[in-house]
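The basis for the numbers below is simple: all heavy atoms, side chains too, and nothing from hydrogens, waters or symmetry mates. Everything numeric here is computed off the predicted structure, so don't read it as measured data.
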Amino acid sequence: MSGSSVGSTHLLHLHGLTINPLDLWNPLPPPRTCKKAAVWTTEEEGALLDFLASHLSQAGDGNFKKATWNTTAAHMAHNYPPGLDNSDKTAESCEQKFKVLKKSYYTITNLKSVASGFAYDDEHGAMILQDNANLWDWYVKVMYQAHKDVKPFCNSGFPHFASVELLLP
């Protein structure tokens, strides 16, 4: 092997490519490892919120600390072990799920306000029927920047509204 071939092989290794020893001209891509995303059921979301409520004193400034998220993840792993199509509920995924639930809470708070003009029910959502579907479409599309996250709540509620509200400062 010439000196330049060895240098090329080394350069490919530096860029994360696996070298096929039988064919130096066709490097193989590194094997991919895909971590399964954590899938949350409504029951698991409720358990997360209940656990956080029981540790609310640890959220001094309204935010939970890393230690609380680690404890939360251990609690979720113990009570809801991962399945074949589901990943562990890690500290990061628990924290991310809580952020998503808070975002939904603020979206619903806005929707419940008198300014939106829509009735809202935590079980059934905005209860959009044919007679107000055009107004809903306008609210979602024209007012998209301010209300882009409201679309899923057209006829679906947010059962965790009260639980999230208890956890906010």
Mind checking what makes ring-ring contact (aromatic ring centres under 6.0 Å, His included) contact with Y106, not counting sequence neighbours?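 With neighbours one apart ignored, the set is empty.
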Would you please name every residue forming a ring-ring contact (aromatic ring centres under 6.0 Å, His included) with Y80, sequence neighbours left out?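 Once residues adjacent in sequence are excluded, Y80 has no partner under the ring-ring contact (aromatic ring centres under 6.0 Å, His included) criterion.
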Can you list the residues that meet the side-chain contact (heavy atoms from CB on, under 4.5 Å) rule with [X], with sequence neighbours excluded?
| X | answer |
| --- | --- |
| S57 | none |
| S104 | F153, F158 |
| N70 | K66, A91 |

Pairwise distance [atom1]([X]) to [atom2]([Y]) - rounded to 0.5 angstrom:
| X | Y | atom1 | atom2 | value |
| --- | --- | --- | --- | --- |
| W40 | M76 | CH2 | CE | 4.5 Å |
| L166 | D50 | CG | CG | 10.0 Å |
| L52 | F64 | CG | CZ | 4.5 Å |
| L167 | L101 | CG | CG | 9.5 Å |
| L49 | K102 | CG | NZ | 11.5 Å |

Quick one: salt bridge (charged side-chain N to carboxylate O under 4.0 Å, His left out) partners of [X], sequence neighbours excluded?
| X | value |
| --- | --- |
| E45 | K97 |
| E165 | none |
| K65 | D61 |
| K99 | none |

Between H160 and T42, is a side-chain contact (heavy atoms from CB on, under 4.5 Å) present by the stated rule, with each step listed? CA-CA 9 Å; H160 304 303; T42 303; 3.7 Å; yes
Please identify each residue that fulfils side chain to side chain donor-acceptor pair (under 3.5 Å) with [X], with sequence neighbours left out.
| X | answer |
| --- | --- |
| T68 | Q58 |
| S163 | none |
| N79 | H75 |

Taking V164 as the starting point, is it possible to reach F51 by hopping between hydrophobic residues whose side chains are less than 4.5 Å apart?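 Different clusters: F51 never reaches V164 through Ile, Leu, Val, Met, Phe, Trp or Tyr contacts under 4.5 Å.
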Does Q96 reach the side chain of V100, with side-chain heavy atoms less than 4.5 Å apart?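 A side-chain contact under 4.5 Å exists here.
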